[in-house]
Engineer: 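Take a look at the following structure, please.
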Amino acid sequence: MSERATSTYPDSTEESTDEKPTRRPVTNGAQSVVRALENAGVKHLFGVQGGAIMPVYDALYDSEMTHVTMAHEQSASHAADAYGIVSGTPGVCLATSGPGATNLVTGIADANMDSDPMIALTGQVPSGMVGSDAFQETDTTGVTAPITKANYFASDTDTVGDMVGEAFAMAASGRQGPTLVDLPKDITNAPTDREPGPGRTPSTYNPRTDPDPEEVSAAATALAGAKKPVILAGGGVIKANATEQLREFAIEHEIPVVTTMPAVGAFPEDHPLSMEMAGMHGTGYANMAITHCDVMLAVGTRFDDRLTGGIDTFAPEAEIIHIDIDPAEVSKNIFADYPVIGDAGTALTRLYDAMAHEPDADEWRERCQTWKDEYPMDYQTPEDEPLKPQFVVEAFDAVTDDDTIVTTGVGQHQMWAVQYWTFKEPRTWVSSHGLGTMGYGLPAAIGARLAARDDQTIISFEGDGSFLMTLQELSVAVRDNMDITVAVLNNKYIGMVRQWQDAFFEGRHSASEYGWCPEFDKLAEAFGAKGFRVDEYDEVADTIEAALAYDGPSVIDFHIDPGANVYPMVASGAANGLFALSEDQL
Amino acid sequence: MTQGLQGPRPEERPHPEGRRNAQGKRIDPVQEAEQESRRATVSALVKHEPGVLSLVSGLFSRRQFNIESLTVGPTTVDGHARITLVVEETDAGIDQIKKQLAKLKPSIAVGELSSDAVRAELVLLKVQGHEPDKVHAITQMYEGQTLDAGPRTITVQITGDQRKIDDAVDAFRQFGIIEIARTGQTALARGDTPTTPGESPAASAESTASETQDSSNTHQ
Ligand SMILES: Cc1ncc(C[n+]2csc(CCOP(=O)(O)OP(=O)(O)O)c2C)c(N)n1
């Protein structure tokens with residue numbers, strides 16, 4: 001164990017709300033903010049101190065919630081985001097006004113794109129100075145309006161706690177997402193004895209959870225009549241806790257399942273009906289299945305362009321049934337022939353009940369299996385060549401159990417992780433999908449670590465470029481002795497960019513060589529974590545074992561083949577069925 | 001040692017013939033009809049909180065919706081306001097605008113007005129004052145009012161639907177228009193039809209357009 005590892009977190013099972021000592025009465029705005037979070041059941045918060053947020057931190061001093069001080073606010077928002085993904089309830093991050101708030105922005109935008117439940121609390125200059133360009137003032141609600149589900153500017157000390165309760169409830173309900181409350185210092189400092197009430201969503205917010213029966217029966221008829229049905233599971237399946245309903249539906253009706261990237265883990269990837277992930281770097285068989293299906297049951301997906309490729313060629317002959325709790329997602333990018341507005345789990349159950357019979361699709365299922373044989377996921381492993389990243393991912397997968405949580409940065413390593421790890425459980429794949437944020441992996445691992453059970457292993461696959469962006473958070477992992485293993489797939493390039501330069505820019509490697517990266521194993525040691533370096537195939541298994549056995553944060557710097565590329569690949573805007581298996585097919 | 005990715009090359013694979021249009025709708029690839037845009041009037045009943053207008057205008061600019069005009073003003077209910085938007089979009093775009101508007105936190109109900117709705121716009125025109133009699137005649141022709149008349153300028157007010165306003169502006173051009181201010185269109189549904197779904201006569205926040213069961217307003 002690291003010598004610097006001093007503090008540990010109280011075991012969450014020890015904290016029972018009933019046995020809490022009687023709470024002190026609220027005496028100011030900041031205390032009512034903290035009380036609202038306690039009422040919402042918050043256990044952990046991620047943030048960084050600062051002038052305008054100091055009253056809230058002062059109130060936290062007396063709270064039993066655990067505040068995790070991060071090295072950078074961007075990491076606080078990523079950690080909160082990952083906490084929300086793994087736990088299913090909003091992760092909380094805090095920052096001071098101005099630079100603190102703007103540093104949170106990337107993580108808020110990331111959570112917004114992926115509909116992750118999260119709440120951000122930002123300090124603000126005193127109300128009387130707002131608008132004067134005061135020291136550390138930023139128009140935080142203005143900056144974050146486009147990237148939050150809802151945001152709030154607190155202007156009343158008596159109701160600030162209720163506002164935080166409402167923001168928390170908003171983040172968690174309907175289509176989840178990030179919310180923000182901006183807290184001027186005079187509002188949090190001013191006296192009040194008002195205890196916040198239970199957190200409620202505003203009266204104008206009433207998502208429909210139970211779908212219209214007519215919509216359901218029309219969809220059921222279409223699906224039952226399909227000859228080539230496919231289920232496209234989106235991240236909403238996991239968000240809605242509808243994994244069980246999805247699995248039952250697919251298995252009972254024997255419909256092949258394709259997932260989007262945020263939905264990885266919603267359906268076990270080793271199940272015969274699983275076609276795995278579709279889209280730009282999806283499997284060949286998933287892309288064949290969505291290209292040739294005649295009815296697509298899409299659940300909780302926003303049809304991102306990395307999934308659809310060109311709109312004109314996306315599932316071009318399929319009738320689309322689209323289940324979503326957000327009506328605005330239906331027919332936004334892909335027209336829905338059969339919209340079903342409602343909660344994913346409820347809608348799937350209703351649809352299940354409304355199906356007169358299962359689709360007659362023996363031939364289609366066989367064809368899907370043939371595609372799996374025709375386009376197997378594989379990679380070259382000549383033993384005398386530099387290490388292949390896919391081999392590293394598979395080696396980790398082989399020695400860890402199904403509950404292991406994988407987080408990633410963004411780039412080739414992220415794609416290898418999703419392609420070569422066999423995901424079986426929801427909330428075990430934690431990545432930045434819609435925004436594609438480099439630097440997400442390590443702070444996400446920290447958030448995931450605190451949300452996960454102690455017996456769950458946490459592995460972060462990083463690229464050298466991604467890791468460099470937030471690796472200062474190793475200090476946090478060391479400080480709190482968090483058991484996290486970081487696997488850097490180090491190709492000395494920002495590899496995904498290098499891959500595109502090779503394919504589309506005549507190999508002109510403008511600003512993509514990262515040969516100047518530090519030695520990550522030594523850097524890890526400097527932080528007080530355990531460091532390893534691997535160059536050869538025969539070192540892989542033993543080093544992984546040693547790193548996983550180490551109680552605390554460890555970093556393995558895998559020096560991989562710098563020329564390794566991610567395939568299959570659908571070129572941007574191309575037809576999914578035209579996926580390339582190598583560069584010469586692009 | 002294994003081999004890397006295998007399988008038929010892209011051109012050797014079967015490819016379906018179907019196609020979708022820019023709105024993601026399946027189409028007959030032979031008669032590929034793109035959707036035409038149309039002009040629509042959308043009415044949104046919102047909570048009159050600080051920032052609501054910037055929320056709405058921000059939504060329009062970042063989603064690249066084509067907005068013609070936007071008017072806003074209080075209703076009979078304290079703390080409520082009505083925003084009237086004229087937009088020029090495809091059917092799919094208009095549908096998306098309504099849904100995105102409904103998602104905003106302060107938004108209570110959103111509706112699209114039918115073609116027979118009552119619409120009006122107000123314009124103030126300041127023209128050269130050399131021919132006061134002629135200006136007066138045109139003002140009367142358009143049932144307008146003279147608000148200010150001096151030796152050098154005359155300012156008139158005209159109200160009416162967009163066509164009438166456009167015509168009036170054209171007619172005043174002969175005098176030399178110095179300045180112009182148009183409010184943009186505002187509108188209400190005709191007769192008994194509520195302007196936004198669920199809306200009924202009300203004077204308090206409790207009894208206006210139902211904030212809880214309006215199906216067109218299932219925000220996310
Ligand atoms: C914050 C941020 N900046 C830039 C990018 C653009 N980008 C996408 S992938 C990539 C390369 C990532 O390199 P690395 O983390 O080393 O991973 P690799 O692709 O080599 O596995 C870059 C620069 C991004 N996604 N995020």
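Chain naming here is simple, since letters A, B, ... match the order of the sequence lines and numbering starts at 1 in each. From a predicted model like this one, the values you see are computed outputs, not experimental measurements.
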Engineer: Between A/Tyr537 and chain B, which part of the residue has a heavy atom less than 4.5 Å away: side chain, backbone, both or neither?
Structural biologist: neither
Engineer: Would you confirm whether B/Arg26, through its side chain, and A/Ile320, through its main-chain N or O, come within 3.5 Å as a donor-acceptor pair?
Structural biologist: no
Engineer: By a 4.5 Å heavy-atom criterion (distance strictly below it), what part of A/Phe303 contacts chain B: side chain, backbone, both, or neither?
Structural biologist: neither
Engineer: Flag the one option from A/Pro146, A/Ala145, A/Gly284 with the top tally of heavy-atom pairs under 4.5 Å to chain B.
Structural biologist: A/Pro146
Engineer: Is there side-chain contact between B/Arg13 and A/Trp371, with heavy atoms separated by less than 4.5 Å?
Structural biologist: no
Engineer: Counting distance only, does the side-chain N/O of A/Thr204 pair as donor-acceptor with the main-chain N or O of B/Lys105 below 3.5 Å?
Structural biologist: yes
Engineer: Where on B/Pro50 is there a heavy atom nearer than 4.5 Å to chain A: the side chain, the backbone, both, or neither?
Structural biologist: neither
Engineer: Quick one: does any side-chain atom of B/Gln6 pair with a main-chain N or O of A/Pro376 as donor and acceptor, under 3.5 Å?
Structural biologist: no
Engineer: I'd like to check B/Lys47 versus A/Ser203 (side-chain heavy atoms, cut-off strictly below 4.5 Å). Are they in contact?
Structural biologist: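 Touching, per the 4.5 Å side-chain cut-off.
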Engineer: Kindly indicate whether the side chain of B/Glu17, heavy atoms from C-beta on, has any atom under 4.5 Å from the side chain of A/Glu317.
Structural biologist: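 Yes, their side chains come closer than 4.5 Å.
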Engineer: How far does CD of A/Gln380 sit from CG of B/Leu5, to the nearest 0.5 angstrom?
Structural biologist: 9.0 Å
Engineer: Rounded to the nearest 0.5 Å, what separation is found between the CD atom of B/Glu49 and the OH atom of A/Tyr152?
Structural biologist: 8.5 Å
Engineer: Looking at A/Glu319, A/Glu329, A/Gln390, A/Met377, which makes the most heavy-atom pairs under 4.5 Å with chain B?
Structural biologist: A/Glu319
Engineer: Identify which of B/Ala22, B/Pro16, B/Gly7 forms the greatest number of heavy-atom pairs closer than 4.5 Å to chain A.
Structural biologist: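 Greatest number of close heavy-atom pairs with chain A: B/Pro16.
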Engineer: Which atom names give the shortest non-hydrogen contact between B/Gly24 and A/Ile311, and what distance separates them?
Structural biologist: CA-CG2, 3.6 Å
Engineer: A side-chain contact here means heavy atoms from C-beta on lying under 4.5 Å apart; do A/Thr313 and B/His15 qualify?
Structural biologist: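 No, too far: nothing below the 4.5 Å cut-off.
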Engineer: Could you tell me the separation between the CD atom of B/Gln23 and the CD1 atom of A/Ile334, rounded to the nearest 0.5 Å?
Structural biologist: 11.0 Å
Engineer: Heavy-atom distances under 4.5 Å only: say whether A/Ser582 touches chain B with side chain, backbone, both or neither.
Structural biologist: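 When you check distances to chain B, no heavy atom of A/Ser582 falls under 4.5 Å.
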Engineer: Picking from A/Pro202, A/Ala318, A/Gly142, A/Ala150, which has the most non-hydrogen pairs under 4.5 angstrom with chain B?
Structural biologist: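 Of the options given, most contacts go to A/Ala318.
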Engineer: More than 12 heavy atoms of other residues, nucleotides or ligands under 6.0 Å from CD of A/Glu363: is that the case?
Structural biologist: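 Counting other residues, nucleotides and ligands, CD of A/Glu363 stays at 12 neighbours or fewer.
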Engineer: Between A/Asp324 and chain B, which part of the residue has a heavy atom less than 4.5 Å away: side chain, backbone, both or neither?
Structural biologist: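 It is neither, since no heavy atom gets under 4.5 Å.
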Engineer: When you measure from the side chain of A/His292 to the backbone of B/Pro14, do you find a donor-acceptor pair of N or O atoms at a distance under 3.5 Å?
Structural biologist: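 Looks like yes, one N/O pair under 3.5 Å.
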Engineer: Could you tell me whether the side chain of B/Arg20 and the main chain of A/Ala315 form a donor-acceptor pair under 3.5 Å?
Structural biologist: yes
Engineer: If I measure from the heavy atoms of chain B, does A/Glu385 come under 4.5 Å with its side chain, its backbone, both, or neither?
Structural biologist: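 Looking at A/Glu385, nothing touches chain B.
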Engineer: Is chain B contacted by the side chain of A/Gln176, its backbone, both, or neither, given a heavy-atom distance below 4.5 Å?
Structural biologist: neither
Engineer: Is there a side-chain contact between B/Lys103 and A/Asp326, using heavy atoms and a 4.5 Å cut-off?
Structural biologist: yes
Engineer: Verify the neighbour count for atom CZ of B/Arg9: are there more than 12 heavy atoms of other residues, nucleotides or ligands below 6.0 Å?
Structural biologist: yes
Engineer: Give a yes or no on whether A/Glu214 atom CD has more than 12 heavy-atom contacts from other residues, nucleotides or ligands under 6.0 Å away.
Structural biologist: no
Engineer: Taking A/Phe335's backbone N and O only, do any of them form a donor-acceptor pair with B/Lys25's side chain (distance below 3.5 Å, no angle check)?
Structural biologist: no
Engineer: Under 4.5 Å from any heavy atom of chain A, what part of B/Arg62 do you find: side chain, backbone, both or neither?
Structural biologist: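 The answer is the side chain of B/Arg62.
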